[in-house]
Undergrad: 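Mind looking over this structure? Questions follow.
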Amino acid sequence: MPTSQNSEKKNIVIFASGNGSNAENIIKYFRNTGSARVMAVFSNNRTAKVLRRAHDLDVKALHFDREALYDSDDVLHLLKDMKPDLIVLAGFLWIFPKKILKCFPNKVINIHPALLPKYGGKGMYGMNVHKAILEQKEIKTGISIHFVNDKYDEGELIFQATTEIEPGDKVEDIAAKVHELEYEHFPKVIEKLLFASEDA
Ligand code: GAR
């Protein structure tokens, strides 16, 4: 929570590849608190629901391709112009480029739908994660929020929360429990990071 009433409004940029329920939740959370705003939502997927959600909430919705992210500096230039205080990956499925990480040190975070370091890595996203957890007969799962580096799901951990898996839970039940944790905690962790230096 921002401690000072004079705290400047912070700027967030979100990257997402699919549905975008976390992106929408974050946009709405900061509309309510007024402490920050989501300036733009970027997606690598032109037909992703997240772009529609952003558009409907009057947030700039931008599509980019591999060329713009990795080969040219198009996305990097857009980000440099926007000067976000935090870049949030919320269901973003591509590796984040080193050159952007270098320009925004400790300013790129990701949410992962499991208790890292377990069930992370390439191919471990969304329902694939919950299926693997069910197959391994785990009795708990959760969420991990971490700084991003140039490997899948390996940056320094910031926050974790857990939820129990009950006998009889299906993949969809696990996904719903994990999403609930994400909606509750992700915006608050973002807010804490944004205002951490001011609290010190
Ligand atoms: C979320 O559960 C997020 O943790 C996961 O994708 C889902 C996106 O849901 N991210 C990953 O699996 C990244 N490895 P949403 O599009 O409804 O926000």
Side-chain angles (χ1 to χ4, degrees), residues 12-31 38 40-57 59-64 69 86-97 100-101 108-136 138 140-165 169-191 193:
I12 300 165
V13 161
I14 295 177
F15 279 71
S17 299
N19 182 25
S21 66
N22 275 285
E24 178 165 343
N25 183 52
I26 294 163
I27 292 166
K28 288 181 171 167
Y29 178 89
F30 287 105
R31 288 244 162 109
V38 176
V41 170
F42 284 76
S43 185
N44 56 306
N45 178 357
R46 194 184 295 281
T47 59
K49 193 168 172 190
V50 70
L51 291 177
R52 165 58 49 194
R53 289 186 197 256
H55 178 266
D56 290 349
L57 288 161
V59 172
K60 193 184 288 219
L62 298 165
H63 167 258
F64 60 88
L69 186 67
L86 203 62
I87 298 173
V88 174
L89 312 191
F92 182 61
L93 302 186
W94 288 0
I95 281 281
F96 212 63
I100 302 184
L101 294 173
V108 187
I109 66 168
N110 178 48
I111 191 159
H112 186 75
L115 296 169
L116 291 172
K118 287 175 102 179
Y119 302 102
K122 198 166 192 314
M124 276 293 167
Y125 58 86
M127 285 301 193
N128 293 350
V129 177
H130 308 312
K131 269 185 210 147
I133 283 168
L134 196 65
E135 274 165 23
Q136 292 304 310
E138 296 284 356
K140 63 175 187 170
T141 184
I143 60 169
S144 302
I145 297 170
H146 63 94
F147 287 108
V148 172
N149 64 17
D150 61 338
K151 308 222 171 59
Y152 280 110
D153 309 319
E154 282 192 19
E156 184 195 338
L157 274 174
I158 300 166
F159 176 88
Q160 289 187 310
T162 61
T163 183
E164 313 222 321
I165 300 172
D169 272 358
K170 298 188 175 47
V171 175
E172 294 74 23
D173 302 315
I174 299 176
K177 286 180 182 182
V178 166
H179 261 127
E180 222 173 276
L181 283 181
E182 294 184 329
Y183 302 150
E184 182 187 348
H185 295 288
F186 203 13
K188 291 183 189 148
V189 172
I190 292 169
E191 191 166 53
L193 286 171

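These values consider heavy atoms only, across backbone and side chains, with no hydrogens, waters or symmetry-generated copies. One-based numbering, in listed order, for ligands and for the atoms of each. Just so you know, these numbers come straight off a predicted model, no measurement behind them.
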Undergrad: What class does the angle between the rings of Trp94 and Phe64 fall in, given that below 30° is parallel, 30 to 60° is tilted and above 60° is perpendicular?
TA: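 Judged by the thresholds at 30° and 60°, the geometry between Trp94 and Phe64 is perpendicular.
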Undergrad: Hey, does His179 come in under 3.5 Å of ligand 1, counting only N/O atoms on both sides?
TA: yes
Undergrad: Look only at the side chain of His112 and the backbone of Tyr119, and say whether a donor-acceptor pair between them is shorter than 3.5 Å.
TA: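 Confirmed, His112 side chain pairs with Tyr119 backbone.
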Undergrad: Can you check which of Gly123, Pro113, Ala114 brings a heavy atom nearest to atom 11 (C) of ligand 1?
TA: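 Looking at heavy atoms only, the winner is Pro113.
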Undergrad: By number and element, which atoms of ligand 1 are closer than 4.0 Å to a non-hydrogen atom of Gly91?
TA: 6 (O), 8 (C), 10 (N)
Undergrad: Go through ligand 1 atom by atom and flag the ones less than 4.0 Å from a non-hydrogen atom of Gly126.
TA: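 In order of number, 12 (O).
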Undergrad: Nearest protein heavy atom to atom 14 (N) of ligand 1, by residue and atom, and its distance?
TA: His112 ND1, 3.2 Å
Undergrad: For Glu182 and Ile143, indicate whether the former's side chain and the latter's backbone hold a donor-acceptor pair under 3.5 Å.
TA: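 The answer is no, because no donor-acceptor pair under 3.5 Å joins these two groups.
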Undergrad: Considering only the protein, which heavy-atom contact is closest to atom 13 (C) of ligand 1, and what is its distance?
TA: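 So the nearest neighbour among protein heavy atoms is Ile111 O, 3.9 Å.
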Undergrad: Is Thr141 reaching over with its side chain to a backbone N or O of Ala114, donor-acceptor style, under 3.5 angstrom?
TA: no
Undergrad: Is any N or O atom of Asn19, backbone or side chain, closer than 3.5 Å to an N or O atom of ligand 1?
TA: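 N/O-N/O distance under 3.5 Å: yes.
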Undergrad: Hey, does Gly20 come in under 3.5 Å of ligand 1, counting only N/O atoms on both sides?
TA: yes
Undergrad: Any side-chain donor paired with an acceptor under 3.5 Å for Ser21 and Tyr183?
TA: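 Result is yes, a qualifying pair exists.
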Undergrad: Under 3.5 Å, N or O to N or O, is Glu182 touching ligand 1 that way?
TA: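 N/O-N/O distance under 3.5 Å: yes.
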Undergrad: Using a 3.5 Å distance criterion without hydrogens, assess whether the side chain of Asp173 forms a donor-acceptor pair with backbone atoms of Lys170.
TA: yes
Undergrad: Quick test of your reading of the structure: of Ser21, Ser144, Ala48, whose heavy atom lies closest to atom 17 (O) of ligand 1?
TA: Ser21
Undergrad: Side chain, backbone, both or neither: which part of Met124 comes within less than 4.0 Å of ligand 1 when only heavy atoms are counted?
TA: backbone
Undergrad: For atom NE2 of His63, is the number of surrounding heavy atoms from other residues, nucleotides or ligands below 6.0 Å larger than 12?
TA: yes
Undergrad: Can a donor-acceptor pair be found between the side chains of Asn44 and Ser17 at a distance below 3.5 Å?
TA: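 The answer is yes; a qualifying pair exists.
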Undergrad: Does some non-hydrogen atom of Val129 fall short of 4.0 Å from ligand 1?
TA: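 Under 4.0 Å: no for Val129.
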